[in-house]
**Student:** 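Can you read through this structure? Questions will come right after.
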Amino acid sequence: MTVAIDKLDPKDYIIVKGAKVNNLKSLNVAIPRNQLIVVTGVSGSGKSSLAFDTLFAEGQRMYVESLSSYARQFLGRMEKPEVEYIKGVCPAIAVEQKVTTKNPRSTVGTTTEIYDYLKLLFARVGKTYSPVSGEVVTKSSVTEVVDFLFTYEEGTRFMILCPLLVQEGRKLETELQILLQKGFSRVVFQGETAFIEDLIERKDEINKLDLSLEENKVEILIDRDSVQKGDEDRQFRMADSIQIALFEGQGDCVIEVIDKDRNKIRKDFTERFEKDGITFEEPTVNFFSFNNPFGACKRCEGFGKILGIDQDLVIPNKTLSVFEGAIAPWSTESMRNRWLTPLLRSAYKFDFPVHRSYEELTDEEKLLLWEGNEHFKGINAFFNHLESKTHKIQFRVLLSKYRGRTECPDCRGTRLRKDAGYVKIGGKNLQDIVLMPISDLIPFFNGLELTKHEQKVAQRILIEVQNRLGYMDKVGLGYLTLNRLTSTLSGGEYQRIKLATSLGSALVGSMYILDEPSIGLHPRDTANLIKVLKELRDLGNTVIVVEHEEDVMKAADQIIDIGPDAGVHGGSLIFQGDMDELKSNPEVSHTAKYLTGVEKIDVPTFRRKWVEYIEIIGAKENNLKNVQVKFPLNTVTCVTGVSGSGKSTLIRKCLQPALQRKLGDYNDEVGKLEGIEGAWKSITQIQFVDQNPIGKSSRSNPVTYVKAYDAIRELFSSQPLAKQRGYKPAFFSFNVDGGRCEACQGEGVTKIEMQFMADIYLPCESCEGTRFKKEILDIKYKDKDISEVLEMSIDEAMDFFADRKKITDRLRALQEVGLGYVRLGQSSNTLSGGEAQRVKLASYLVKGTLKKTDRVLFVFDEPTTGLHFHDINKLMKSINALVENGHSVIIIEHNTEVIKSADWVIDLGPEGGDNGGYIVFEGTPEELAESGKGYTAAYLKEKLSE
């Protein structure tokens, strides 16, 4: 392929020649267009450098060059990737794992654009229902009135009337005279037709009448005629008369028909959008937009949360009954006598079960408890009473005990104005729809029954909604609701949402570059993801996936393996072809070795036995179904289950905050659970090792995080020239004034702010990216200055500082977790989530970080993110080292290599969303595989039998 690369046609291939970005070694590769390509290799081998820093960067740059000269003036300094040339590159779309939005108004619905279509759908075909009578609210048009008249037989007599509206301060006589001047001659007065002139003559009588009484009502007779369906002129006359009636009646028109039996039939029509004395807003797109002041809920201003009374604080123990004191603020004697006793004494009158636990009450009974009735005042009335007494400090203190950020009662957390809920389609309003799981929305929209007219209007909108919902379900996100905040999604969930959105937009001729879309997916859902990737390819796109998942590799049209190792030992194309070719060359790379079984992650020879444990009791947060589960201590415990089964909720919202609160280190909200029992006192601290960046500053890097940089700065300040010049260790820091370059403040790069796209970072012109002043770079150790040392990889630094134990002891931990390829001074914002997580792990492995008396519970959230099989092997050794040192480890993970290596497995499910939240299994991996319970068992059995 490399030899003939110059002769390939760019119409058929994306041709990269001489790529030298980061650690790529003049890499040449030809990527076939319109195929599914998997780029794999060990962590740090150069996969992302090829996919994102080369292909995507060039695709983005070429797109920008197609813009106007005005737009391009902001991009004049945008650098090309370091490559000889790239031919045949398509418009590039990168779908990364990072959740790029923290906007508190951004939801799954708005991110996927489904909400935009739903707003349009409800504005066009939604029907408004009166909350009083439940009847449809309509307003009449001229056509509708004419159609009503045409329902009667030919020759049927009718009158077109409208109410006479007497202006305040005028007499009826004056209004009648004005009518005469307008050309009207008759009115209907007290049920009889009368000439206006005759009524005016009775002015003394009519001016004394009370016109508010029904019997004194005056209606203008606009026209009277008979139904003549074939006479076009009569139809025009009828329409004109109705138009006049609506104008004179200020929107009201009355039709009086004499049917064939001489019965008088009256029907009122109105142009106003009202019913039951309520005037409703006519549905428009903005009416359903919570990002618009017009559509946002007036109470919470479109945020979905208010500072109100927290029901969980008012009723903390839901297993208690009202009689047993479930309502916390009514537990004192005075409050009990005044508020609770009336309820207990009169409960029999309305059949309220005061001895039944609160959690067993029906929704109607719970609402009654809060709202009250004629026999007792409810909890809401109690807090309203406290609000009225806030001038007294004891009431203010009592109120503050039960306040919290709660769901807005007006919009149910959907952020929409309350009256938007009166508009419904298929019996559901928009608030109901955004609170339903996507898996339930699909059958709802597929079975939606509309009239022929509504079908024509909604057809195109429904196609878009159904397509996008279908793709969301296919990528394993059927458990999400459209109301879920984007900022609460994991990186994998956000990436799959962007993937589903891309499919919904149906772009063709593009290059999609995805960063491990299988992350966060249970093996069961990976098959659906593969189908989605193939659909994206079949639309006419080139799909390039950076991936380690075996099933995705098998499905690829071509595999590109970068390596052979990480960092300076990687960056070469070592294989390109399909899965069969890769397996036929088992020695070609680490990937081939693991896929063919030449190398593998061994199943542990024994499982650690445990005695002590921490037990969660009665967890009911999100979809958890009253979960009671034990977490063994001094073991590696793996929590698994399909996406949305409740793993993160159980660990991140229940176990971690509850345990931290017990340890006196947490003041924030804890998920709904009854309690935490067991040997939690034996734990001194809990460390949550997630994939968030290791530091918010771009100056943060691995070598400072593990505290190795302190020793390196001391070493440089001890050099003879540094002593002669009086340089202290701080002079070799890029975080403080002294030796750092002041032009870039030690960043090494300068930021160019872009008005219409992401900011661009370019090397500092003053220090040329070295971060330090030129005189600081005069100080050298083994012919290397401080900047050159920071450019070394961990592996290189281990050799370079081999005689400096103080430095190597701290760097060794980074090497052991598989980060030997990372540069010492690499900015934390360039590290992937998985890399950041392993830097944190390394910091705990460094001697002296934890005291010998510490017993830490480590919680890892999907630590295999971005890891090749080869690196998972290293990771498990490091995690086991923590347990050997007396600590405990809990891992939230889908990867079967990790599950088989655990001592204990807790499997949640059986499904995601509402059908999840149960403990499917607790036990060893072997016991789970043999049990056959849940989806994990089958995949684990296959892995254990290899």
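In this text, all values refer to a predicted model and were calculated from it rather than measured experimentally. Every heavy atom of this structure was used, including side-chain atoms; hydrogens, water molecules and symmetry mates were not.
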**Student:** Is Lys139 close to Glu282 at the side-chain level, that is, under 4.5 Å between some pair of heavy atoms?
**Tutor:**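 Result yes, sub-4.5 Å side-chain heavy-atom pair found.
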
**Student:** Quick check: do Ile425 and Lys127 have side-chain heavy atoms less than 4.5 Å from each other?
**Tutor:** no

**Student:** Under the 6.0 Å and 45° cation-pi test, does Lys625 pair with Tyr918?
**Tutor:** yes

**Student:** Charged N to carboxylate O under 4.0 angstrom, Arg124 versus Glu454?
**Tutor:**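 Salt bridge between Arg124 and Glu454, a charged N being under 4.0 Å from a carboxylate O: no.
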
**Student:** Is the shortest side-chain N to carboxylate O distance from Lys424 to Asp432 below 4.0 Å?
**Tutor:**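 Looking at Lys424 and Asp432, the cut-off is not met.
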
**Student:** Is the distance between the ring centroids of Phe350 and Phe376 under 6.0 Å?
**Tutor:**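 Here the rings of Phe376 and Phe350 have centres that are less than 6.0 Å from each other.
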
**Student:** Does the Lys NZ or Arg CZ of Lys119 fall within the cation-pi geometry relative to Phe122 - under 6.0 Å from the ring centre and within 45° of the axis?
**Tutor:**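 That pair does not qualify as a cation-pi contact.
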
**Student:** Is the charged tip of Arg105 near the ring of Phe303: under 6.0 Å from the six-membered ring centre and within 45° of its axis?
**Tutor:**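 Cation-pi check for Arg105 and Phe303: passes.
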
**Student:** Looking at Tyr358, does the NZ or CZ of Lys366 lie under 6.0 angstrom from its six-membered ring centre and within 45 degrees of the ring axis?
**Tutor:**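 Yes, Lys366 sits over the ring of Tyr358.
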
**Student:** Apply salt bridge (Lys or Arg N to Asp or Glu O under 4.0 Å) to the pair Glu407 and Arg412, showing each step before the final yes or no.
**Tutor:** CA-CA 6 Å; Glu407 184 182 275; Arg412 295 153 57 198; over 6 Å; no

**Student:** Before giving the answer on side-chain hydrogen bond (donor to acceptor under 3.5 Å, both in side chains), spell out for Thr319 and Asn317 the whole-Å C-alpha distance, their side-chain angles and the decisive distance to 0.1 Å.
**Tutor:** CA-CA 6 Å; Thr319 60; Asn317 188 350; 2.5 Å; yes

**Student:** I'd like to know if Glu256 and Arg224 make a salt bridge, using a cut-off of under 4.0 Å between side-chain N and carboxylate O.
**Tutor:**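 So Glu256 does not pair with Arg224 through a salt bridge.
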
**Student:** Between Tyr129 and Phe280, does the ring centre distance come in under 6.0 Å?
**Tutor:** no

**Student:** For residues Ile438 and Met472, report the shortest heavy-atom separation together with the two atoms involved.
**Tutor:**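 Distance-wise, the nearest heavy atoms are CD1-CE, 3.4 Å.
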
**Student:** Which heavy atom in Gly413 sits nearest to a heavy atom in Asn483, and how many Å separate them?
**Tutor:** O-ND2, 3.0 Å

**Student:** For the pair Arg237 and Asp225, find out whether any cationic side-chain nitrogen is under 4.0 Å from an anionic carboxylate oxygen.
**Tutor:** yes

**Student:** Give the C-alpha distance, both sets of side-chain angles, the deciding distance and a yes or no for side-chain hydrogen bond (donor to acceptor under 3.5 Å, both in side chains) between Gln466 and Tyr117.
**Tutor:** CA-CA 10 Å; Gln466 288 165 335; Tyr117 287 105; over 6 Å; no

**Student:** Which heavy atom of Glu219 sits nearest a heavy atom of Arg266, and at what distance?
**Tutor:** OE2-NH2, 2.9 Å

**Student:** Tell me the closest heavy-atom pair linking Ala328 and Pro316, and the distance in Å.
**Tutor:**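 Shortest heavy-atom contact: CB-CD, 3.9 Å.
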
**Student:** For a 4.5 angstrom cut-off between non-hydrogen side-chain atoms, does Pro353 reach Glu365?
**Tutor:** yes

**Student:** Is the gap between the ring centers of Tyr348 and Phe352 under 6.0 Å?
**Tutor:**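 Here the rings of Phe352 and Tyr348 have centres that are no less than 6.0 Å from each other.
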
**Student:** Do the side chains of Asp410 and Arg417 get close enough for a salt bridge, i.e. N-O under 4.0 angstrom?
**Tutor:**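 Looking at Asp410 and Arg417, the cut-off is not met.
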
